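Keep in mind that this is a model prediction, so the values were computed, not measured.
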Amino acid sequence: MTAAVKVADDQTVRTEMAYVLFKDDEKLSRTFSTKEETLKKAEDAGLVESSEGKPRLGDDLKIKPCSPGPEPRSEDDLDWTPGSPAS
């Protein structure tokens, strides 16, 4: 996903949008390119509950937009434990 960002002199620049899983305001995961991918990885880690047939993140967990990470990271580099924030 891209987001339009307005800069000086009425120029608009497109930037990539990324998503991260947070508990309260603590970052728990690396960045993902879509909300859906973030939710899927959280579900794979057992952090998603089913409520009325719809997926729902566990208590105090939220997917929030953020700036993309500086470089791609591997699947082995997921930090889903609330006591161990992502680096």
Side-chain angles (χ1 to χ4, degrees):
M1 170 182 246
T2 60
V5 177
K6 194 158 188 138
V7 293
D9 299 326
D10 293 327
Q11 294 177 345
T12 301
V13 176
R14 297 239 174 247
T15 59
E16 291 297 315
M17 182 63 68
Y19 297 89
V20 174
L21 182 69
F22 284 86
K23 179 174 175 73
D24 299 319
D25 288 323
E26 182 180 3
K27 183 178 173 183
L28 297 183
S29 72
R30 67 177 176 87
T31 59
F32 295 98
S33 57
T34 65
K35 279 184 173 181
E36 292 77 15
E37 182 182 12
T38 310
L39 183 62
K40 172 73 172 112
K41 297 299 181 180
E43 184 174 26
D44 291 348
L47 300 175
V48 176
E49 303 164 354
S50 181
S51 176
E52 298 178 11
K54 295 181 182 179
R56 185 176 85 73
L57 288 170
D59 292 337
D60 301 322
L61 297 174
K62 291 186 175 146
I63 296 172
K64 297 181 184 179
C66 66
S67 298
E71 58 189 64
R73 294 167 74 174
S74 75
E75 291 296 312
D76 297 332
D77 197 15
L78 297 176
D79 296 316
W80 294 107
T81 307
S84 303
S87 52

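We find the OG1-CZ distance between Thr38 and Arg30 to be 8.5 Å, quoted to the nearest 0.5 Å. Here the NZ atom belonging to Lys35 is positioned 10.0 Å from the CE atom belonging to Met17, to the nearest 0.5 angstrom.
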Which pairs of donor and acceptor atoms, one on a side chain in residues 47-66, lie under 3.5 Å apart (sequence neighbours left out)?
unit_1 : atom_1 : unit_2 : atom_2 : d
Glu49  : OE1    : Arg56  : NH2    : 3.0
Lys64  : NZ     : Asp25  : OD1    : 3.1

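Within the 3.5 Å criterion, the main-chain N or O of Leu21 finds a donor-acceptor partner in the side chain of Ser29.
Residues passing the side chain to side chain donor-acceptor pair (under 3.5 Å) test with Lys40, sequence neighbours excluded: Asp44.
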